[in-house]
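Read through the structure below, which is laid out as structure tokens, and then see the notes.
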2 protein chains.
Amino acid sequence: MGTTQLESVQEPKYWHLRTVLSEALDSDFAVGEILPNERDLAARFGVARATLRQALEQLELEGRLQRRRGVGTTVAPPRVGVAVSTAQHEWTGGVSGEAWQPVDCVSEVAPTAVAAMLRTGGEPVHVVRRIRVTHGQAVAAELLYVPASSVPDLSAIDAPSGPVRARSVMRELHRLGLEGQDRTVELGSARADDAKELDRLPGAPVLVVTTRYFASGGTAAVSVATYRADTCRLTFGDSGALEISHDEQQQERQAS
Amino acid sequence: MGTTQLESVQEPKYWHLRTVLSEALDSDFAVGEILPNERDLAARFGVARATLRQALEQLELEGRLQRRRGVGTTVAPPRVGVAVSTAQHEWTGGVSGEAWQPVDCVSEVAPTAVAAMLRTGGEPVHVVRRIRVTHGQAVAAELLYVPASSVPDLSAIDAPSGPVRARSVMRELHRLGLEGQDRTVELGSARADDAKELDRLPGAPVLVVTTRYFASGGTAAVSVATYRADTCRLTFGDSGALEISHDEQQQERQAS
DNA sequence: TAGTGGTCTAGACCACACT
DNA sequence: GTGTGGTCTAGACCACTAC
């Protein structure tokens with residue numbers, strides 16, 4: 001990409017740098033390719049490392065770059081579209097490796113916000129932890145809150161916790177026949193436990209999908225799923241995923 | 001909140017600071033209240049200003065804080081739920097002040113990614129710019145791409161551009177009778193023009209909602225809407241918005 | 001003009017992944 | 001070990017808002 005000189009403009013350096021790097025990524029780099037390290041890049045553009053990092057952070061937020069400590073900065077592949085809306089409750093997992101994988105299940109009191117949605121008081125609920133894997137990579141971590149009253153026939157013989165218990169809860173919930181869903185999406189930052197499952201650092205940007213599942217007039221369960229915001233594009237609606245990512249589009253109209 | 005001493009732990013200072021501040025926000029501050037300035041806060045916690053700012057950035061990303069240059073840092077109100085899925089095409093605006101407001105309309109070639117979705121080549125399309133206002137605040141900026149072939153009856157007498165033209169295009173599109181939609185959500189950063197409309201700085205985190213509108217078997221229009229990620233919670237589904245934000249929940253289980 | 005957050009610098013050290 | 005990105009510091013100046 002050569003030694004580029006930043007002309008003086010009334011625009012933050014890091015923002016201009018972001019644009020320059022973005023264009024360089026389009027023209028000079030292939031997906032997966034490793035960029036020069038931050039110290040070299042900073043020197044090449046004649047800025048402090050902190051400024052260079054600010055530009056890289058932007059590009060990472062936009063899903064263009066992937067940075068790993070001890071390894072380096074690589075060009076990220078286009079975001080993967082993950083369906084959120086339809087056929088969500090193939091609870092049992094569906095084809096192996098392409099859906100939700102139960103990890104654990106415990107019984108504890110739900111956080112008050114979830115308890116309010118479930119209309120339960122301090123009564124403990126089943127908390128199922130699941131991981132969503134796509135193309136061999138963990139893209140989401142979920143906590144599913146199921147009140148004991150929603151799954152009355154849950155066998156007491158099964159394991160009281162762990163993946164086996166998780167599958168039992170899912171099976172009972174499936175038998176219930178869910179009637180509808182209600183969903184919100186917002187930006188959040190990964191908690192330490194989610195970050196670990198998603199192979200990210202704590203505080204990494206995530207898309208938080210909160211789903212209410214309805215059955216027989218009430219809220220049967222609540223799910224809080226955190227998706228990696230850097231690698232995921234959530235898809236909704238009747239047809240399949242859009243085949244073109246927004247990033248490719250942003251590249252075109254870089255009004256900067 | 002008092003002068004707090006950061007005990008030495010194997011956890012980044014800014015992350016610990018984020019937790020401490022988050023708890024202080026819950027207990028000691030009301031919505032809209034102004035925090036001490038960054039230099040004071042940094043001194044109070046015995047860290048460099050850059051470190052303090054890293055913590056504030058996290059909290060702003062989570063929608064807990066709002067920072068404005070020249071003014072100060074205030075406690076943000078809970079995120080506002082904005083419906084994305086249903087009754088989206090009350091194209092004409094609906095109740096004044098509570099929906100989309102046409103701003104402008106021009107005719108130009110769509111960016112290639114959009115063109116690919118529309119199955120148009122280099123042929124120019126109508127580009128309608130709209131702003132979504134909720135509670136008196138701009139929460140989203142949209143570009144709606146409508147191929148000329150989708151609105152053949154568009155009067156050539158109307159203004160060739162501007163808000164009047166925008167309304168004409170919307171009206172014609174509405175007459176078409178849209179059959180379905182297809183939607184994706186992903187994280188992005190605000191371009192300069194969008195940032196200005198949303199009263200944010202360039203690069204601010206936004207939720208990018210890309211919608212395909214179908215009519216008579218083809219894609220009649222494509223919309224790219226950027227929502228303020230700090231203040232918005234996108235809602236989908238049959239029923240109304242969830243009345244409880246995820247943030248309140250995160251506050252509970254601060255595994256940190 | 002005073003005070004705020006936003007940008008930028010030039011260092012230092014640390015945690016982690018490879019070899 | 002060596003090299004990478006992640007954290008942190010102690011300054012400086014700028015852009016903006018409000019008085």
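Excluded from the calculations below are hydrogen atoms, water molecules and symmetry mates; all remaining heavy atoms, backbone and side chain alike, are included. Every chain is numbered from 1 and lettered A, B, ... according to where its sequence line falls, protein lines coming before strand lines.
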- Message: Quick one about B:Gln66 and B:Thr74 (side-chain donor to acceptor, distance below 3.5 Å, no hydrogens or angles considered), yes or no?
- Response: no
- Task: Send over the distance from A:Arg68 CZ to C:dC18 P, rounded to a whole Å.
- Result: 8 Å
- Rounding to a whole Å, what distance do you find between B:Leu65:CG and C:dG6:P? 11 Å
Would you tabulate the pairs of protein nitrogen or oxygen atoms and nucleotide nitrogen or oxygen atoms of nucleotides 7-9 of chain D closer than 3.5 angstrom?
{"unit_1": "D:dT7", "atom_1": "OP1", "unit_2": "B:Tyr14", "atom_2": "OH", "d": "3.0"}
{"unit_1": "D:dC8", "atom_1": "OP1", "unit_2": "B:Lys13", "atom_2": "N", "d": "2.2"}
{"unit_1": "D:dC8", "atom_1": "OP2", "unit_2": "B:Tyr14", "atom_2": "N", "d": "3.2"}
{"unit_1": "D:dT9", "atom_1": "OP1", "unit_2": "B:Lys13", "atom_2": "NZ", "d": "2.9"}
{"unit_1": "D:dT9", "atom_1": "OP2", "unit_2": "B:Ala48", "atom_2": "N", "d": "2.9"}
{"unit_1": "D:dT9", "atom_1": "OP2", "unit_2": "B:Thr51", "atom_2": "OG1", "d": "2.5"}

- Query: Do we see a donor-acceptor contact under 3.5 Å between the side chains of A:Arg53 and A:Tyr14?
  - Reply: no
- Thinking salt bridges, do B:Lys196 and B:Asp193 make one under a 4.0 Å N-O criterion? no
- Query: Between A:Tyr227 and A:Trp100, how do the two ring planes meet: parallel, tilted or perpendicular, split at 30° and 60°?
  - Reply: perpendicular
- Item | Any A:Asn37 side-chain nitrogen or oxygen under 4.0 Å from OP1 or OP2 of D:dG3 | no
- Between B:Asp194 and B:Ala141, is there a donor-acceptor pair closer than 3.5 Å when you use the side chain of the first and the backbone of the second? no
- For DNA chain C, what dot-bracket results from Watson-Crick or G-U pairs at under 3.5 Å, with [ ] for crossers and | for inter-strand partners? ||||||||||||||||||.
- Query: Under 4.0 angstrom, heavy atoms only, what part of the nucleic acid is B:Arg39 near: base, sugar-phosphate, or nothing?
  - Reply: base
- Return yes if some donor-acceptor pair links the side-chain N/O of B:Arg64 with the main-chain N/O of B:Leu56 below 3.5 Å, else return no. no
In residues 30-37 of chain B, what donor-acceptor pairs under 3.5 Å come from side-chain atoms, sequence neighbours left out?
{"unit_1": "B:Glu33", "atom_1": "OE1", "unit_2": "B:Ala30", "atom_2": "N", "d": "2.8"}
{"unit_1": "B:Asn37", "atom_1": "OD1", "unit_2": "B:Arg39", "atom_2": "N", "d": "2.9"}
{"unit_1": "B:Asn37", "atom_1": "OD1", "unit_2": "B:Asp40", "atom_2": "N", "d": "2.8"}

- Query: Once you round it to whole Å, what is the distance between C1' of C:dG5 and CG of B:Asp40?
  - Reply: 13 Å
- Query: For D:dT4, does either OP1 or OP2 sit under 4.0 Å from a side-chain N or O belonging to A:Thr73?
  - Reply: no
- Item | Interatomic distance, A:Glu60 CD vs D:dG5 C1' [rounded to whole Å] | 10 Å
- Message: Could you tell me how far apart B:Arg200 (CZ) and D:dC16 (C1') are, to the nearest whole angstrom?
- Response: 14 Å
- Query: Starting at CZ of A:Arg67 and ending at P of D:dT4, how long is that distance when rounded to a whole Å?
  - Reply: 14 Å
- Rounded off to whole Å, could you give me the CD-to-P distance for the A:Glu38 and C:dC13 pair? 19 Å
- Pair B:Glu186 + A:Arg79, salt bridge at N-O below 4.0 Å: yes
- Task: Using atom types as modelled and distance alone, determine if a side-chain donor or acceptor of B:Asp104 lies under 3.5 Å from a backbone N or O of B:Gly162.
- Result: yes
